Amino acid sequence: MKAKTLTAVLVALGISVSAQTLSQISVHGFVYNDKNNNGVRDKNDEGIKDVMISDQNAIVKTNTDGSYRLDNPAAKYVFAIQPNNYVIRGSFWKEVATSQAEVNIDFPMLPAPRTSSFTFVHASDTHLSEQSLPRMKKLKSVVDSLKPAFMLVTGDLIKDALRVSEKEATSLYEMYVREIGKFSIPVWNVPGNHEIFGIERHKSLVSEDHPLYGKKMYRKYLGPDYYSFFYGGIHFIGLNSVDYHDLWYYGNIDSAQLRWIERDVSSVDKSTPIITFNHIPFFSGGLSMSEYSDGEPGSTLITIDGKKQYRHVVTNAPAVLEITKNHNYPIALAGHFHAAQKFALDSGVPNTEFHQTAAVVGPTADGGFQLPSGIVVYTVTNGKVTDRKFIKLK
Ligand SMILES: [Fe+2]
């Protein structure tokens with residue numbers, strides 16, 4: 001205890017102390033109803049119980065007074081799983097400072113609007129750069145006019161981080177964070193292949209030892225690359241469906257995520273609808289519309305552990321469906337193919353529809369068709385998705 005106090009004093013005096021490893025750190029704090037919306041826990045701001053807090057590995061619940069404790073975090077950030085009836089004020093994730101052994105992180109929340117019906121937007125593939133900035137502005141003006149409760153963006157957020165220098169990749173990430181910050185609604189992101197930093201090393205000339213290599217650059221700018229939240233009686237799960245092997249990305253839900261999904265859904269009521277959102281789709285008609293390619297960088301197949309598999313769908317999607325098989329899982333959302341589409345099995349098993357949205361960055365041509373740019377707007381009424389509408393972005 002004395003050592004911790006000394007550390008706190010030294011930090012307060014601006015004297016640097018050696019950083020703690022995550023295994024020596026305890027994160028604790030409060031989730032509370034920020035009644036006067038000032039971002040500070042005032043005397044009248046009561047705690048919110050049973051809110052889940054996670055580090056992408058463990059999930060702990062807040063006590064009756066809204067307090068929580070998460071020892072030895074597995075990641076440099078923790079996040080709150082937004083509960084029903086509240087919306088998180090500010091960022092849903094916070095960085096864990098490694099200069100102290102005891103880290104305090106609070107999550108202020110505001111009561112969610114009480115409506116039986118709301119809409120949300122599914123956008124994707126913004127591929128942001130100076131050239132595509134007008135498309136982002138177009139998206140913002142359309143979303144502003146639609147007034148959804150929130151927007152999901154399923155990856156390929158920036159033009160490219162796969163095959164460029166750190167300087168180029170970070171400037172695109174910074175541009176994306178800045179542009180998304182201009183939206184007046186919450187924006188929930190997940191990474192696409194273009195957010196994976198430096199892995200095409202013959203082009204990026206980035207070393208595998210780079211501290212932001214691979215999935216780490218996304219986490220620096222946008223926090224957890226898989227997480228969940230509740231809104232209006234629905235449990236949304238954002239996933240990172242992009243993995244990589246040597247120089248090339250491919251669709252996969254890694255084992256750490258599979259374990260986390262299991263923990264996450266175990267505390268979700270079996271009747272609560274689950275909607276997942278990720279970049280590379282679980283299943284897609286896009287695969288058969290696109291021409292077969294055996295050349296890089298976008299080849300159709302990849303060899304993993306000696307076995308050829310598709311790169312542009314999630315080969316181990318059945319592992320996710322196995323975890324969720326006793327749940328109510330109506331829709332799985334994705335992007336990547338730049339073509340809005342739906343896929344479902346008439347057998348009703350799995351009882352999930354697989355939806356993709358188009359690209360924000362612009363129209364594309366595939367399979368002999370002109371595919372327009374656009375977004376999809378979902379309407380939820382009394383906890384059920386009751387409408388799906390594709391809106392072209394001209
Ligand atoms: Fe993509």
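As the structure lists them, so they are numbered: ligands from 1, and atoms in each ligand from 1. Only a predicted model underlies this, so the values are computations on that prediction, with no experimental measurement involved.
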Open item on the list: Using 30° and 60° as the class boundaries, would you call the ring planes of Phe92 and Tyr227 parallel, tilted or perpendicular?
Closed with: tilted
Open item on the list: Please give the atom name: the N, O or S atom of His336 nearest to the Fe ion (ligand 1).
Closed with: ND1
Task: the Fe ion (ligand 1) contact by His312, N, O or S atom under 2.8 Å - done: no
- [ ] Mind running side chain to side chain donor-acceptor pair (under 3.5 Å) on Asp366 and Ser290 for me, showing each step along the way?
- [x] CA-CA 6 Å; Asp366 217 351; Ser290 303; 3.0 Å; yes
Open item on the list: So that I can check it, does any N, O or S atom in His194 come closer than 2.8 Å to the Fe ion (ligand 1)?
Closed with: no
Open item on the list: Tell me which N, O or S atom from Asp156 is the closest to the Fe ion (ligand 1).
Closed with: OD2
Task: Side chain proximity check, Tyr226 to Asp264, heavy atoms < 4.5 angstrom - done: no
Open item on the list: Under the side chain to side chain contact (heavy atoms under 4.5 Å, CB included) test against Tyr173, which residue among Ile158, Leu212, Leu157 passes?
Closed with: Ile158
